[in-house]
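In this chain, numbering begins with 1 at the start of the sequence shown. Please read these numbers as outputs of a predicted model, since none were measured by experiment.
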Amino acid sequence: MANDELTVAVLGPGGVGGLLAALLARAGHRVICLAGADTVRTLRDTGLRVHSGQFGDFTARVAADTELREPVDACLITVKHTALGPALRRIPARALGDGLIVPFLNGVEHPAQLRVRYRPDRVAPAVIRVESTRVSPGVIEHGSPFAEIDLTGATVPRDRLDTLAAALRAAGPETRVLDDEAATLWAKMSFLAPFALLTTRHQMPLGDVRAQHREELTALVEETATVSRACGGPFDPARALARYDAFPPHMKSSMQRDAEAGRPLEVDAIGGALLRAADRHGISVPVTARLVAELRAAGH
């Protein structure tokens, strides 16, 4: 990677990908958005329009294509896990060159899948804490007063991570590089799983969940934290509950928004992965198991 301008591909310019693509482009980097033909035409014509209380309202010009056709410094993967398999056809390994693969996916199982397809020492998992939504092709609404990224990668050269982190940080999101990949992914999972499963199951925002289903939330946080600890992640259920209490009451999970829109849900990538990890370590997670079963029974 160069130390100044990077070439960054973004697979899936939706709520998260569109926000990051626009911020990086505004900061002077070359950004190539990879998407379907209709979205590609829109982005080529009008660019990415962002509405954000934190970063302002702006339009960023980006390149767009249906497939990666040139080497890049990094490719950010920001599609949903439910669309990952077909979407990866847009990133031929031969075209990627020496570029990093940086998945911003929910769950904990995707890095292993990507390391089979691409160079294992170029897969750099990342987690992002943000509420950002694509309201129409090329139009992004960033609703949270924060955007925070943790970048990691057990076998990725540290200078590659540092260079990308510096670019992201300068573009706007608070970004840090963390050494422990498992701990990084499970820290996100420990917060995301209860949030996603409960808001989706009860079809209500976080504030109503923590007021009306406090006992269920507490039990699910305890289960998730126990599995996290067994997998090398953090165990701090009290801190997780404090974070939920500090979040704006109107916040919805991306899974809940997908359910409202009739889109496929990441129940397996989040809840299923949690159940599989619990089973591997012989941990009982009855609340998680019930919620996942209820969501699957509802057709999710």
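Checked for salt-bridge contact, Arg158 and Asp162 meet the test: a charged N lies under 4.0 Å from a carboxylate O. The existence of a salt bridge linking Asp268 and Arg276 is confirmed by a sub-4.0 Å separation between a basic side-chain nitrogen and an acidic carboxylate oxygen. Taking the charged nitrogens against the carboxylate oxygens, Arg257 and Glu131 do have a contact shorter than 4.0 Å, which makes a salt bridge. Comment: Arg160 engages Asp98 in a salt bridge, judged by a side-chain N to carboxylate O separation of less than 4.0 angstrom.
Contact between Asp180 and Gly232 at its shortest, heavy atoms only, is OD2-O, 4.5 Å. The minimum heavy-atom distance between His29 and Ala167, with the atom names listed, is NE2-CB, 3.8 Å. Of all non-hydrogen atoms in Ala124 and Pro103, the two that sit nearest each other are O-CD, 3.5 Å. The two residues Leu185 and Pro125 come nearest to each other via the heavy atoms CD2-CB, 4.1 Å. Nearest heavy atoms, His81 versus Leu105: CD2-CD2, 3.8 Å. Between Thr224 and Ser190 the shortest heavy-atom distance is CG2-CA, 3.4 Å.
For the atom pair CD1 of Ile270 and CZ of Phe195, the computed distance is 10.5 Å after rounding to the nearest 0.5 Å. If you take CG on Asp65 and CG on Leu43, they are separated by 11.0 Å, rounding to the nearest 0.5 Å. Note that the CZ atom of Arg117 and the CZ atom of Arg89 stand 8.0 Å from one another [nearest 0.5 Å]. In this structure, Thr7 OG1 and Arg30 CZ are separated by 6.0 Å, a value rounded to the nearest 0.5 Å. Atoms CZ and CE, on Arg210 and Met251 in that order, are 10.0 Å from each other to the nearest 0.5 Å. The distance from atom CG of Leu197 to atom CG of Leu291, rounded to the nearest 0.5 Å, is 6.0 Å.
Note: the hydrophobic cluster containing Met255 also contains Leu217 (ILVMFWY, side chain heavy atoms under 4.5 Å, direct or indirect links). With hydrophobic clusters built from ILVMFWY side chains whose heavy atoms lie under 4.5 angstrom apart, Met189 shares a cluster with Leu275. Leu151 and Ile77 fall into different hydrophobic clusters, where Ile, Leu, Val, Met, Phe, Trp and Tyr residues are linked whenever their side-chain heavy atoms come under 4.5 Å apart, directly or through other members. Clustering ILVMFWY residues whenever any of their side-chain heavy atoms sit less than 4.5 angstrom apart, transitively, puts Val123 in the very cluster that holds Val79. A continuous path of ILVMFWY side-chain contacts below 4.5 Å connects Ile32 to Leu11, so both sit in one hydrophobic cluster.
Leu192 is not listed as a side-chain neighbour of Val127, based on a closest heavy-atom distance of 4.5 Å or more. Side-chain contact between Leu48 and Arg26: absent, with no pair of heavy atoms (C-beta onward) separated by less than 4.5 Å. Annotation: side chain of Ser144 is not in contact with side chain of Arg129 (no heavy-atom distance under 4.5 Å). Side-chain contact between His51 and Val135: absent, with no pair of heavy atoms (C-beta onward) separated by less than 4.5 Å. Considering only heavy atoms from C-beta on, Val10 stays 4.5 Å or farther from Leu20 through its side chain. Cys231 is listed as a side-chain neighbour of His281, based on a closest heavy-atom distance under 4.5 Å. A heavy-atom distance below 4.5 Å is not found between the side chains of Thr200 and Val267. Contact annotation: the side chain of Leu34 approaches that of Leu68 to within less than 4.5 Å [non-hydrogen atoms, C-beta and beyond].
No side-chain donor-acceptor contact under 3.5 Å links Thr199 to the backbone of Val209. Between the Lys188 side chain and the Ile128 main chain, a donor and an acceptor come within less than 3.5 Å of each other. Checked by atom type and distance alone, the side chain of Gln256 pairs as donor or acceptor with a backbone atom of Met204 at under 3.5 Å. Judged by distance alone, with hydrogens and angles left aside, the side-chain atoms of Glu266 form no donor-acceptor pair with the main-chain N or O of Asn106 at under 3.5 Å. Looking at Thr66, its side chain never comes within 3.5 Å of a backbone N or O of Ala37 through a donor-acceptor pair. Judged by distance alone, with hydrogens and angles left aside, the side-chain atoms of Arg44 form a donor-acceptor pair with the main-chain N or O of Ala64 at under 3.5 Å. Remark: side-chain polar atoms of Thr78 are paired, donor with acceptor, to backbone N or O of Gly12 under 3.5 angstrom. In this structure, Glu181 contributes its side chain and Ala154 its backbone to a donor-acceptor pair below 3.5 Å. Of the possible polar contacts, one joining the Ser132 side chain to the Gly15 backbone as a donor-acceptor pair under 3.5 Å is found.
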| task | Kindly indicate, with the supporting measurements, whether the criterion side-chain contact (heavy atoms from CB on, under 4.5 Å) is fulfilled by Gln113 and Leu84. | result | CA-CA 10 Å; Gln113 177 182 351; Leu84 181 61; 3.7 Å; yes
| task | Give the intermediate values and the outcome of side-chain contact (heavy atoms from CB on, under 4.5 Å) for residues Leu274 and Val285. | result | CA-CA 9 Å; Leu274 184 55; Val285 287; 5.7 Å; no
| said: Using side-chain contact (heavy atoms from CB on, under 4.5 Å), reason through Leu6 and Leu24 one step at a time and then give a plain yes or no. | reply: CA-CA 9 Å; Leu6 304 182; Leu24 286 166; over 6 Å; no
| field | Test side-chain contact (heavy atoms from CB on, under 4.5 Å) applied to Leu114 and Leu88, step by step | value | CA-CA 9 Å; Leu114 292 169; Leu88 289 178; 3.8 Å; yes
| query | After noting the C-alpha distance and the side-chain angles of Asp208 and Lys252, does the key distance pass the salt bridge (charged side-chain N to carboxylate O under 4.0 Å, His left out) rule? | reply | CA-CA 10 Å; Asp208 291 338; Lys252 297 180 178 182; over 6 Å; no
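Below 30°, between 30° and 60°, or above 60°: for Phe191 and Tyr244 the angle between ring planes is below 30°, a parallel geometry. Below 30°, between 30° and 60°, or above 60°: for Phe146 and Phe247 the angle between ring planes is above 60°, a perpendicular geometry.
No more than 12 heavy atoms of other residues, nucleotides or ligands lie within 6.0 Å of CD in Gln203, so this atom counts as exposed by the packing criterion. When the shell of 6.0 Å around CD of Glu67 is examined, it contains more than 12 heavy atoms from other residues, nucleotides or ligands.
If you check the side chains of Glu216 and His202, you find a donor sitting under 3.5 Å from an acceptor.
Scored by the ring-ring contact (aromatic ring centres under 6.0 Å, His included) test, Tyr118 finds no partners at all (sequence neighbours excluded).
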